[in-house]
Asks: 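Just passing along the structure, written as structure tokens.
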Protein chains: 2
Amino acid sequence: MIVKAVERVGDKVRLLDQTRLPGEETYHDYEDYRELIRAIRRLEVRGAPAIGITAAYALAVALKQSGDATRSNIEKLAAEIKAARPTAVNLFWAVDRVLGKIPGNGLNSLASALEIIWNEAEAIHEEDRLMCQRIGEYGAELFKDGDTILTHCNTGALATGGIGTALGVIYTCHQQGKNIRVYADETRPLLQGARLTAWELKKAGIPVTLITDNTAGMVMRQGIIDGVIVGADRIVKNGDTANKIGTYSVAVLARAHDIPFYVAAPMSTFDMVTESGDRINIEQRSPIEVTGLFGIPVAPAGIEVYSPAFDVTPNELITAFITDRGIIPGGRK
Amino acid sequence: MIVKAVERVGDKVRLLDQTRLPGEETYHDYEDYRELIRAIRRLEVRGAPAIGITAAYALAVALKQSGDATRSNIEKLAAEIKAARPTAVNLFWAVDRVLGKIPGNGLNSLASALEIIWNEAEAIHEEDRLMCQRIGEYGAELFKDGDTILTHCNTGALATGGIGTALGVIYTCHQQGKNIRVYADETRPLLQGARLTAWELKKAGIPVTLITDNTAGMVMRQGIIDGVIVGADRIVKNGDTANKIGTYSVAVLARAHDIPFYVAAPMSTFDMVTESGDRINIEQRSPIEVTGLFGIPVAPAGIEVYSPAFDVTPNELITAFITDRGIIPGGRK
């Protein structure tokens with residue numbers, strides 16, 4: 001079964017508590033928007049699309065609770081929700097999109113405002129679901145029965161409103177009856193591959209083998225990997241792609257072993273303003289994620305750490321982009 | 001200051017308790033050989049050369065305790081020490097070498113037997129120290145003031161009786177007054193790079209930056225790495241080299257960025273019987289090292305894990321071997 005990160009259940013919003021994974025599968029049904037904000041803040045839901053959908057639903061929950069359908073009140077609630085994670089662009093986008101549906105000159109009734117907001121939030125969710133599905137369908141054409149795919153980080157049902165991007169391709173192959181095996185990089189420092197990707201694929205009944213990031217080169221050399229699929233945080237004009245740290249190394253290894261390297265991402269990930277990857281500003285993560293695990297030090301106190309959140313894979317290492325509008329060839333010869 | 005993993009102090013053996021690193025620097029002076037065996041077993045001392053030296057010293061400690069210099073008693077004690085870690089080849093070799101110095105037809109006195117054993121154990125230690133020093137001297141010629149070196153795993157003073165192999169080169173550069181910077185891969189699953197390499201380099205006053213294994217490709221692409229040095233567990237006839245998992249990926253990345261890739265190892269690491277790397281049997285580590293950290297699960301229960309202890313880097317990716325007898329060119333063009 002493919003898991004659902006976020007779901008509308010009547011007037012409530014159901015979240016899978018991802019902070020408890022992979023140990024426990026716990027769902028919470030929220031009818032208090034302040035608790036939803038708290039859930040977003042403590043990473044119970046993660047992944048840009050899933051956060052955006054949750055935030056849009058949260059506005060409906062908030063309006064019902066407040067009972068005040070004036071424009072000024074809805075705007076106040078929206079601002080509160082948008083403050084849940086100040087750098088989550090998708091969260092702002094989703095809340096603003098819902099807000100844009102509310103007539104500027106006041107509303108007739110609470111019921112009609114609620115209907116508008118729920119409908120628009122569901123539309124956002126449904127579009128994301130379809131987008132994942134289309135990426136999955138286009139991408140699945142690239143793989144055949146018996147293939148083994150290596151992936152990095154988590155870009156699956158846990159991060160989106162649907163079946164995911166890179167994992168969406170894998171789920172679609174599986175749904176089509178192809179026997180697909182997956183090698184999942186654990187993805188240090190935050191181990192999204194171990195905690196999330198391995199968990200959701202196992203739950204969906206797809207054979208998955210967990211490896212340390214250090215092992216990717218060796219399994220490629222053994223000839224057991226037929227293709228690599230990763231997601232993307234941003235794809236710029238020349239095709240250079242920012243994604244989770246380690247993606248670049250995997251791309252270099254894939255080329256060295258003549259293994260296709262695919263980036264699966266919606267068209268909305270393309271940034272046609274930024275010319276090339278060297279213009280992308282790379283966020284630095286906290287050293288603590290590298291020097292300590294669960295509060296236990298694994299490196300000497302005060303050690304210098306370089307821990308970029310992302311790296312940039314140049315287009316020349318990318319075989320193709322798998323998008324919701326079809327396959328776009330990459331720059332790899 | 002370059003740390004000492006093992007040291008003879010009068011009739012005692014001083015070990016740095018590596019299980020307490022990087023949090024605490026604790027030394028134990030052992031005068032009970034059973035405690036030394038326990039220390040070897042619980043990985044207070046690690047690295048093949050350091051374990052061998054400790055075991056040789058342990059035989060002297062054991063003989064003094066037992067007070068019985070008969071051949072049969074010494075053999076019994078030797079067998080007990082050799083059982084400390086049943087797969088540590090260097091441990092058998094060192095104990096057998098010391099044992100070989102004991103005349104087969106009985107001994108004149110406890111004092112003379114003790115002298116023979118301490119002397120031979122010290123000879124083993126001194127040879128290892130000199131071997132490291134020679135590797136360091138040959139290797140240092142390859143680097144110049146201001147160079148930045150990337151290394152993987154731990155091959156330093158903590159693993160040997162001297163300054164180490166790969167780190168021996170770095171220490172020697174530093175002693176020669178060259179300003180050398182180091183990037184240390186953390187080296188999953190056991191994090192020897194974070195726990196040990198970063199610790200001992202920092203203690204020696206050498207600037208070191210800790211990175212996740214995922215970050216090696218990115219720093220190479222940034223153009224800040226002048227060379228890579230790793231150790232070796234075994235180098236076979238055609239130059240293929242078995243070393244800690246992840247070494248192969250680093251070698252591929254180094255070639256892709258036109259960065260020299262060096263293997264630093266004593267001549268004793270060369271296995272001239274095995275023809276090529278594909279004949280090397282790769283030990284599998286326990287999945288628990290990948291699925292849990294400090295007993296806390298980071299992957300779903302029952303997940304399949306592939307966790308080889310080593311990988312094999314083909315000679316064609318190696319620029320040169322830095323040995324105690326000089327530099328041997330590798331197969332990289």
Side-chain angles (χ1 to χ4, degrees), chain A residues 21-23 152 183-189 191 193-195 198-199 202-203 207-221 244-253 255-257 282 287 289-291 293-294 296-308 311-312 314, chain B residues 21-23 152 183-189 191 193-195 198-199 202-203 207-221 244-253 255-257 282 287 289-291 293-294 296-308 311-312 314:
Chain A
L21 295 179
H152 192 72
Y183 277 77
D185 284 352
E186 66 174 7
T187 318
R188 280 280 286 155
L191 300 168
R195 293 186 295 110
W199 184 83
K202 187 167 191 282
K203 191 165 166 64
V208 54
T209 302
L210 177 64
I211 56 174
T212 66
D213 305 307
N214 267 337
T215 310
M218 183 173 182
V219 295
M220 289 189 195
R221 184 147 193 261
K244 184 65 64 212
I245 184 72
T247 301
Y248 170 65
S249 291
V250 175
V252 171
L253 289 165
R255 182 181 57 181
H257 296 87
I282 304 286
E289 295 170 357
V290 179
T291 58
L293 300 168
F294 306 114
I296 300 166
V298 294
I303 195 78
E304 188 180 314
V305 174
Y306 177 59
S307 183
D311 58 27
V312 175
Chain B
L21 295 179
H152 192 72
Y183 276 77
D185 284 352
E186 65 173 7
T187 320
R188 280 282 287 155
L191 300 168
R195 293 187 296 109
W199 185 83
K202 187 167 191 284
K203 192 166 164 65
V208 54
T209 301
L210 177 64
I211 56 174
T212 66
D213 304 308
N214 267 339
T215 311
M218 182 173 182
V219 295
M220 288 188 194
R221 182 147 194 261
K244 182 66 64 218
I245 185 70
T247 302
Y248 170 65
S249 291
V250 175
V252 171
L253 289 166
R255 182 180 58 181
H257 296 86
I282 303 285
E289 294 171 356
V290 178
T291 59
L293 300 168
F294 306 113
I296 299 165
V298 294
I303 195 80
E304 188 181 315
V305 174
Y306 177 60
S307 183
D311 58 27
V312 174

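The chains referred to below are lettered A, B, ... by the order of the sequence lines, with proteins before strands, and numbering in each begins at 1. Computed over heavy atoms, backbone and side chain alike; hydrogens, waters and symmetry mates excluded. Quick caveat, the model's predicted, so the values are computed rather than measured.
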Asks: Taking the side chain as every heavy atom from C-beta outward, state whether B:D185 and A:N214 have any atom pair closer than 4.5 Å.
Replies: no
Asks: Taking C-beta and beyond as the side chain, do B:T212 and A:Y306 meet within less than 4.5 Å on heavy atoms?
Replies: no
Asks: With a 4.5 angstrom heavy-atom cut-off, could you sort out which part of B:V219 is near chain A: side chain, backbone, both or neither?
Replies: side chain
Asks: Could you list the residues that satisfy salt bridge (Lys or Arg N to Asp or Glu O under 4.0 Å) with A:R188, not counting sequence neighbours?
Replies: B:E186
Asks: Picking from B:E289, B:K244, B:K203, B:H152, which has the most non-hydrogen pairs under 4.5 angstrom with chain A?
Replies: B:H152
Asks: State, with a plain yes or no, whether a side-chain heavy atom of B:I211 is found less than 4.5 Å away from one of A:V305.
Replies: no
Asks: Return the option, out of B:M220, B:K202, B:R195, B:R221, with the maximum number of heavy-atom pairs under 4.5 Å with chain A.
Replies: B:R221
Asks: B:L21 versus chain A, heavy atoms under 4.5 Å apart: side chain, backbone, both or neither?
Replies: neither
Asks: Heavy-atom distances under 4.5 Å only: say whether A:A301 touches chain B with side chain, backbone, both or neither.
Replies: backbone
Asks: If you define the side chain from C-beta out and look only at heavy atoms, does anything of B:P308 sit under 4.5 Å from A:T215?
Replies: yes
Asks: Can you tell me which of B:P314, B:A251, B:S307 forms the most heavy-atom pairs within a distance under 4.5 Å of chain A?
Replies: B:P314
Asks: Looking at side-chain heavy atoms only, is the closest gap between A:L210 and B:E304 below 4.5 Å?
Replies: no
